[in-house]
2 protein chains.
Amino acid sequence: MSSSRVVFKTTAFERPLVTVDVVIFTVMAEQLCVLLVRRPESDGEPYPARWALPGGFVDVDRDASLLACAERKLRDKTGVAAPYLEQLGSWGDAKRDPRGWSSTHAYFALIPQPEAVDASATTTTEWVPCDQAARRRLAFDHNTILSTAIERLRSKVEYTSLPAFLLPEPFTLPQLQRVYEVVLGRPLDKSAFRKRMLDAAYLEEVGMVTGDHGRAAMGYRLRERDQATVFPRTFKSGE
Amino acid sequence: MSSSRVVFKTTAFERPLVTVDVVIFTVMAEQLCVLLVRRPESDGEPYPARWALPGGFVDVDRDASLLACAERKLRDKTGVAAPYLEQLGSWGDAKRDPRGWSSTHAYFALIPQPEAVDASATTTTEWVPCDQAARRRLAFDHNTILSTAIERLRSKVEYTSLPAFLLPEPFTLPQLQRVYEVVLGRPLDKSAFRKRMLDAAYLEEVGMVTGDHGRAAMGYRLRERDQATVFPRTFKSGE
DNA sequence: AAAATAGTGTCTTTGAGACAGTATGAC
DNA sequence: GTCATACTGTCTCAAAGACACTATTTT
């Protein structure tokens, strides 16, 4: 039997550039932070020396899929392998990259505070409080992407368990509440908060944890590390 | 002054194929329907004669942006110019298109029932009830995209004004409620429904409309045609 | 008048926030 | 013991669902 290899027409269309960018969030010192990288200064590079979101071209030989590409970029910059990673959206037009018509697939990731704070000391990579990062003039349309990411995160935090992915396990309910408050920028009622978290049953007790002062607290970890839990209601935000 | 034209390095990376697909919803005969198109049978075309979502390659010469490209494809297939159009997500990997590594940007659109029902008679284009469409074997990964779109629509209908974009204006509250019920697949309480719609204040009275039988009803139109309204709560879905 | 549909009023239930109270650990 | 923090109980209030009622138009 002759193995018949089907030949498909290649298109006449000029192909746009395709990139993947990742907005990586963490909480450091009670602040929501985002990772920025400095663009190279070499000749022929757009936006030389400008701060940007980590990202770059899809490598059709190495990346099996867009998600794999995003995971690779995250791993390269932070060493984190299995974070919370969600697609944010895509942006594409003729002007956003001076090299030509380009489209980028943006993801956002949540990771616990990285142990090696080296990253924040490097000259090509920096953890920046996200409000401050949003005020810098970033490369490409990364200001738009970053704003969208912050907005999406803040909005989802109102009714999902997303902040749990910003903490190293095990964590206590008071710690988790503090992260919610940091991201939302307002205090929450302790009793209502605890009821919500426990009713949702997405946490697993994992033994008492003793803090610096005061009474010991129950430690928890996520039952499912690969998806967020959606609560039936939103936190009442002064409706 | 010599006009210095900056030359940017073109990348060594092989460029993936870039397409845009649009999931176009409408309500016909009390059913949520989606528009499918038949792929050409010509040689060298992938998935010949298979049903697919409307879409195709980004044309870097004609399309200023991804959104403009999606609008063009919608206009070409339906003649509708200013519908509700929202980004759904993107899918990209090495295998989804036999012609090579490809990524697609998917949008979903909501339009009022098209007057020309010609479209549903054509051999290359068909309005299909969406549950039925989801059961067909579509081209590429369009089953995944369609499922995601249906899921997203159903989920957003629980807490947004999206169904209003599926009706021609002016519409009455009972008509709007029927669309909600069609999309959600369950009945809603009339009183609670009306309270929600009117409290959200996203509708504008536009005069009485008389139906076939019974009492005349107030006609409404959207105050803002370019964005959906988000309600403070979700419709209680048998929590 | 009867039928059909539009629109309103009221009761009940639910669940979240407020806030004060109790428990348990470190010193 | 005191202090600091973890955790719980109870009251109140608001919003949504249930459902019965009234209103207006067509036949």
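Chain identifiers are assigned alphabetically (A, B, ...) following the order of the sequence lines, protein sequences preceding nucleic acid strands; residue numbering begins at 1 within each chain. Side chains included, hydrogens not; waters and symmetry mates left out as well; all remaining heavy atoms used.
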Check: B:Glu204 main-chain N/O paired with B:Arg221 side-chain donor or acceptor under 3.5 Å: no
Whole-Å distance separating the [atom1] atom of [X] from the [atom2] atom of [N]:
| X | N | atom1 | atom2 | answer |
| --- | --- | --- | --- | --- |
| A:Met197 | D:dT8 | CE | C1' | 17 Å |
| B:Glu158 | D:dG17 | CD | P | 10 Å |
| B:Met218 | D:dT24 | CE | P | 13 Å |
| A:Tyr180 | C:dG17 | OH | P | 12 Å |
| B:Gln177 | D:dA18 | CD | P | 12 Å |
| A:Arg186 | C:dA18 | CZ | P | 10 Å |
| B:Phe193 | D:dA15 | CZ | C1' | 17 Å |
| B:Arg196 | D:dA14 | CZ | P | 19 Å |

Output the single nucleotide from [options] whose closest atom is nearest the side chain of [X].
| X | options | result |
| --- | --- | --- |
| B:Asp189 | D:dG17, C:dG17, D:dC7 | D:dG17 |
| A:His213 | D:dT5, C:dT5, D:dC7 | D:dT5 |
| B:Lys195 | C:dG17, C:dG7, D:dA18 | D:dA18 |

With B:Glu126 as reference, evaluate B:Arg38, B:Lys77, B:Arg136 under the salt bridge (charged side-chain N to carboxylate O under 4.0 Å, His left out) test and give the passing residue. B:Arg136
Would you say the rings of B:Phe171 and B:Tyr220 are close, in the sense that their centroids are separated by under 6.0 Å? no
Nearest heavy atom decides the nucleotide; on that basis, is A:Thr210 or A:Asp199 closer to the 5' end of DNA chain C? A:Asp199
Would you kindly compare A:Ala216 and B:Ala217 by the position of their nearest DNA chain C nucleotide and give the one closer to the 5′ end? B:Ala217
Per the atom types in the model, does the base of [N] pair as donor or acceptor with the side chain of [X] at under 3.5 Å?
| X | N | answer |
| --- | --- | --- |
| B:Lys190 | C:dG7 | yes |
| B:Arg215 | D:dA23 | yes |
| B:Ser191 | C:dG7 | no |

Quick one: do A:Val34 and A:Trp127 satisfy side chain to side chain contact (heavy atoms under 4.5 Å, CB included)? Show the steps, please. CA-CA 6 Å; A:Val34 67; A:Trp127 285 103; 5.6 Å; no
It should be established whether A:Arg178 places a side-chain nitrogen or oxygen under 4.0 Å from OP1 or OP2 of nucleotide D:dT5. no
Do the side-chain N or O atoms of B:Arg194 get closer than 4.0 angstrom to the phosphate oxygens (OP1, OP2) of C:dG9? no
When you compare the side chains of B:Ser90 and B:His105, does any donor N or O come within less than 3.5 Å of an acceptor on the partner? no
